[in-house]
Amino acid sequence: DVQLQASGGGLVQPGGSLRLSCAASGFRFDDYAIAWFRQAPGEEPEGVLCIARNGDITYYTDSVQGRFTISRDNAKKTAYLQMKSLKPEDTAVYYCATDFIRRVLTTPCPRAAPGSYRGQGTQVTVSS
């Protein structure tokens, strides 16, 4: 079965850091771009950032630039979201996603975050 499982969320104080993991199974992980989305209570989901097959990173949310970064370990079939300087407005359920479009290796992430297939999320709460 195809799965994307996010983990690593929790309660953190403002200014703190967290690293989320996205474990993939059931497909060739290194063939696809992987994105992180988040959904705050009462809000629509938003794409946060994406990592292409070759490691190029695309940001979709200006507010996380300089604070969040994404990486991938194809051997472990895992993507990571490293978050620092967390703010209360970062509170949301975070989940990873892909669109299962196999792009040429050098192709960056698409303009719209690839999210047609989304896995289970992990809650991140930033509060004192």
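A quick note: this is a predicted structure, and the numbers were derived from the prediction, not measured.
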Determine all donor-acceptor pairs shorter than 3.5 Å in which one atom belongs to a side chain in residues 64-71; sequence neighbours excluded.
from	atom 1	to	atom 2	distance (Å)
R67	NE	S63	O	3.2
R67	NH1	S85	O	2.9
R67	NH1	D90	OD2	2.7
R67	NH2	S63	O	3.0
R67	NH2	D90	OD1	3.0
R67	NH2	D90	OD2	3.4

Note to self: If the condition is side chain to side chain contact (heavy atoms under 4.5 Å, CB included), which residues does S128 pass it with, not counting sequence neighbours?
What the structure shows: P14

Checklist line | Partner set under side chain to side chain contact (heavy atoms under 4.5 Å, CB included) for Q3, not counting sequence neighbours | finding: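 Q3 satisfies side chain to side chain contact (heavy atoms under 4.5 Å, CB included) with S25 once adjacent residues are dropped.
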
Where [X] and [Y] come nearest, the two heavy atoms and their spacing:
X: A92; Y: Q123; result: O-NE2, 3.5 Å
X: A33; Y: A52; result: CB-CA, 4.1 Å
X: C22; Y: L4; result: SG-CD2, 3.7 Å
X: C50; Y: Y60; result: CB-CE1, 3.5 Å
X: P110; Y: R103; result: CG-NH2, 3.4 Å

Verify, without hydrogens or angle tests, whether [X] (side chain) and [Y] (backbone) share a donor-acceptor contact under 3.5 angstrom.
X: K77; Y: F27; result: yes
X: T58; Y: I51; result: no
X: T78; Y: A23; result: no
X: T122; Y: G9; result: yes

Note to self: What verdict does the side-chain contact (heavy atoms from CB on, under 4.5 Å) test give for L105 and T107, after you've listed the backbone C-alpha separation in whole Å, the side-chain angles of each residue and the deciding distance to 0.1 Å?
What the structure shows: CA-CA 6 Å; L105 183 60; T107 303; over 6 Å; no

Check: Is F37 isolated, or which residues cluster with it under the ILVMFWY side-chain rule of less than 4.5 Å, directly or via members?
Finding: V93, Y95

Note to self: Under a 4.0 Å threshold between the charged nitrogen and the carboxylate oxygen, would D30 count as salt-bridged to R53?
What the structure shows: no

Notebook entry, point to check: side-chain hydrogen bond (donor to acceptor under 3.5 Å, both in side chains) with E46: which residues, sequence neighbours excluded?
Noted result: R38

[X]-[Y] co-clustered via ILVMFWY side chain contacts under 4.5 Å:
X: Y80; Y: I57; result: no
X: L11; Y: L86; result: no
X: Y94; Y: V12; result: yes

Working to the nearest 0.5 Å, report the span between [atom1] of [X] and [atom2] of [Y].
X: C109; Y: L49; atom1: SG; atom2: CG; result: 8.5 Å
X: R72; Y: I34; atom1: CZ; atom2: CD1; result: 5.5 Å
X: F29; Y: N74; atom1: CZ; atom2: CG; result: 5.5 Å
X: R118; Y: C96; atom1: CZ; atom2: SG; result: 11.5 Å

Notebook entry, point to check: Does Y117 have any ring-ring contact (aromatic ring centres under 6.0 Å, His included) partners at least two apart in sequence or in another chain, and if so, which?
Noted result: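 ring-ring contact (aromatic ring centres under 6.0 Å, His included) check on Y117 returns F100.
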
Notebook entry, point to check: Around Q120, counting heavy atoms of other residues, nucleotides and ligands shown, do more than 12 lie under 6.0 Å from its CD?
Noted result: no

